[in-house]
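Notes follow the structure.
Just so we're on the same page: letters track the sequence lines, and every chain starts at 1.
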Amino acid sequence: MLSENELIEGCRKGNRASQKALYEHYCRKMLVVCLRYSKTTAEAEDILQEGFVKVFSALKDFRQESKLETWITRIMVNTALNVQRRKLYLYPMVDVEELNLPDTEVSVSGIHFSQLLEMIQTLPHGCQIVFNLFAIEGFSHKEIAEQLGISEGTSKSQFARAKSLMQAKLLKESTYYERYGEAKI
Amino acid sequence: MNDMEKRKFEDSFQEAFKDAEVNPSENVWTNIELDLEKADGDKMKRRLVFFKMLAAASIVFAMSVAGIGYYVFQRSDMGNIAQQTTPITDQNKLKDSASTSSLKNDSPGSSLQEADTNANVSGNETQTNKSLAPGADAQQRKDELLRQDAGLSPTAKANDETRNGGNKRSNNGTIAKGATALIAADQNPNSTVSQTTPKANGSDKTANTTTSTSATSTQDDLIISASAAVAAGTTRKLPELYQPAEPKLQLPVSNADPGRLLLAKLADEEKKFALEEKNQAKKKTENLWTSVGFAAGGVNANNPSVAPVPSNALYSANSANTASTQSKASGVSYSVGVSVGTKISNRWVLQGGINYLTQNYDYTANSVVVVNNNFASPKAASLNELFAPQLLDATATTTVAQTFPYNINNNVRFVNVPLQAGYLVVNRKFGFQLNAGVSTDVFLQNTITPDGGGLTKTTQGSGDESPYRSLNFSGLMGTEFSYRLGDRYRLSLNPGLRYPFSSVYKSNTGVDSTPLTFDVGLRFRYIFH
């Protein structure tokens with residue numbers, strides 16, 4: 001098993017075996033990232049493919065100031081955002097009203113990530129991106145606004161709507177379990 | 001809901017996706033691989049485009065040069081025609097004129113010429129009884145010739161038939177014409193083939209006429225016979241006996257899976273390609289090399305300080321003058337040597353070797369040195385003579401006597417052992433390297449050669465009696481511009497500086513001199529694989 005540094009060095013030299021090893025190591029985690037930003041698996045796999053090609057061509061510039069996984073994740077998110085930007089151009093994000101939902105916090109603990117993923121994928125387009133960037137990647141609304149070319153207020157309102165929708169979905173899910181007593185996945 | 005609670009919701013999502021993994025389908029890697037291959041191919045394509053552009057530019061340049069050359073040649077040729085044309089009024093002189101003119105212009109080394117050349121020009125001129133003054137504009141003459149009617153063609157034709165002894169090959173189509181022209185060019189590259197093109201001036205009486213003339217009738221006969229041979233060769237067939245039977249290729253019948261066969265073939269080719277690539281890479285490496293070189297340059301005295309050992313006032317003054325003149329002299333430097341180099345990292349190299357260095361200084365002296373009052377055989381004024389006797393024998397008396405100025409040549413020889421580190425700034429077919437290091441300089445000898453008679457030439461080796469240090473160290477600094485020739489050789493140009501760390505003279509001479517040498521070397525490197 002090659003070390004991470006050896007893998008990086010091999011990839012920089014264009015060694016196909018090293019590139020494949022690096023891909024094998026990170027492809028599963030990165031597909032989850034891509035799935036969060038897309039509606040279908042096929043779309044996510046396209047982003048994954050484009051992202052890894054960028055990773056291999058940009059690896060020579062990787063200065064190892066951060067973890068390789070973080071760096072690759074960043075490339076995947078940027079690639080996904082580039083793909084989504086084309087859609088955002090067609091359907092620009094606007095301020096949306098927050099849904100009136102109970103003020104109770106719904107827990108996601110115990111829910112399998114695949115269910116959460118499905119919920120995220122069913123969110124409206126703008127909400128999905130802002131939710132991912134704010135809740136999971138940890139960007140501030142200001143940063144999101146800069147990246148997507150929208151106002152900070154739009155980002156906030158999109159997130160609020162996304163959160164409300166997610167809470168509604170989670171509430172529905174938990175009610176279902178409570179009613180029918182099925183085990184959570 | 002406070003901020004902590006708000007963030008808790010987001011954190012729970014982060015936690016849920018922390019170790020989440022989903023297997024992608026297998027074709028994702030295949031597509032990535034294809035994209036990577038394509039990217040590599042694009043790089044190659046860009047290189048290919050560059051070379052294509054280079055080739056196209058070369059062709060355009062070559063064609064431009066050829067075009068200009070042809071234009072210049074044509075101009076000079078037309079000028080010659082104008083000079084050679086003389087007014088001829090007698091119709092009977094037609095043949096002679098045509099033939100003579102043709103012969104005159106068939107100078108050795110002339111190449112194929114097109115229509116309206118000498119024979120035609122002279123013939124036409126004769127028939128129209130029109131004279132053009134020598135040096136008249138060639139284009140004007142050409143236009144006038146074109147205005148002549150088809151009546152001119154029979155003249156040329158008659159002329160042609162006369163020259164060719166009735167051979168009709170010339171008037172019959174392009175094959176015979178082309179063959180004759182080619183054979184004429186092959187048989188005798190110095191002969192001239194002139195063609196008359198049809199002159200479309202309305203009457204259309206002229207047909208394609210090819211006139212082949214040569215400097216001698218013998219050459220012409222050769223052309224005719226060769227032409228006939230070619231014509232015969234086109235219809236000639238080999239006898240049945242010599243016609244080989246058509247080979248039949250029996251392909252082996254294979255039941256193997258064609259897909260597997262293809263894969264196996266691809267694997268074989270891949271292996272072969274990898275091996276070839278490895279060999280190529282090995283050939284390109286330059287890890288160890290040896291080189292021979294020669295360098296020439298100048299030596300600058302570099303402001304020496306002179307404080308000679310005093311004995312008496314007059315002696316001191318004169319010896320100071322001699323020491324100053326000698327040590328301040330500048331000269332030329334030559335060196336020859338061999339070296340070995342190795343690569344210690346991707347960019348760094350280490351080089352060492354051995355050189356033979358000779359430096360020539362010329363200076364003017366106005367005194368001679370007399371040892372132990374032996375005025376019968378004075379010595380040339382040099383640091384050797386000023387200090388050696390005293391260093392060897394404390395009781396020796398040395399006198400410095402004034403003379404007329406005369407020239408002295410001081411030839412100093414060393415063996416150097418340089419050791420240098422180099423940094424490869426550019427390491428391709430063309431290389432650029434920065435070098436720095438130290439050199440151990442072993443003094444061999446110096447020879448004092450005074451100009452004129454009376455004074456003898458003296459040579460002094462290293463040792464106690466020599467004013468030069470036997471061992472010294474110098475700093476080296478230089479660059480190396482090199483060009484790789486094939487897999488094993490590299491030619492380089494090495495401008496460099498040499499600066500001694502301490503004086504080349506011994507401290508007890510009182511002279512402190514560190515001459516700076518700048519030389520340019522030429523090295524031929526052999527690379528070991």
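Atom NZ of B/Lys52 has 12 or fewer heavy atoms from other residues, nucleotides or ligands within 6.0 Å. For B/Tyr526, the OH atom is densely surrounded, since the number of other residues' heavy atoms within 6.0 Å is greater than 12. Applying the 6.0 Å contact sphere to CD of A/Gln64 captures more than 12 heavy atoms from other residues, nucleotides or ligands. The 12-atom threshold is not exceeded at CZ of B/Phe61, counting heavy atoms of other residues, nucleotides or ligands nearer than 6.0 Å.
For B/Leu34, the side-chain contact (heavy atoms from CB on, under 4.5 Å) test picks out B/Asn31, with sequence neighbours left out.
For A/Glu24, no part sits under 4.5 Å from any heavy atom of chain B, backbone or side chain. Residue A/Leu117 touches chain B through both its backbone and its side chain, counting heavy-atom pairs closer than 4.5 Å. Contacts between A/Phe159 and chain B at a heavy-atom distance below 4.5 Å involve the side chain alone, from C-beta outward. For A/Met166, the part lying near chain B is the side chain, with the backbone staying farther off; criterion is any non-hydrogen pair under 4.5 Å.
If you take CH2 on B/Trp29 and CZ on A/Arg16, they are separated by 6.5 Å, rounding to the nearest 0.5 Å. Residue A/Asn132 holds its CG atom at 9.5 Å from CZ of B/Phe13, rounded to the nearest 0.5 Å. Here CG of B/Leu36 is found 8.5 Å from OG of A/Ser57. Values are rounded to the nearest 0.5 Å. Expressed to the nearest 0.5 Å, how far CD of A/Gln49 lies from CD of B/Glu33 amounts to 11.5 Å. Taken from CG in A/Leu35 to CZ in B/Phe17, the straight-line distance is 9.0 Å, to the nearest 0.5 Å.
Heavy-atom minimum distance, A/Val32 versus B/Ala20: CG2-O, 3.4 Å.
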- Which is it for A/Phe56 and B/Ile32 under the side chain to side chain contact (heavy atoms under 4.5 Å, CB included) test, yes or no, and what are the steps along the way? CA-CA 10 Å; A/Phe56 293 135; B/Ile32 291 171; 4.0 Å; yes
- Task: Step by step, work out the side chain to side chain contact (heavy atoms under 4.5 Å, CB included) result for A/Phe52 and B/Val28.
- Result: CA-CA 10 Å; A/Phe52 264 104; B/Val28 175; over 6 Å; no
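A donor-acceptor distance shorter than 3.5 angstrom exists from the side chain of B/Gln14 to the backbone of A/Ile136, with no hydrogens or angles considered.
Residues B/Pro24 and A/Tyr23 have side chains in contact (heavy-atom distance under 4.5 Å, counting atoms from C-beta outward).
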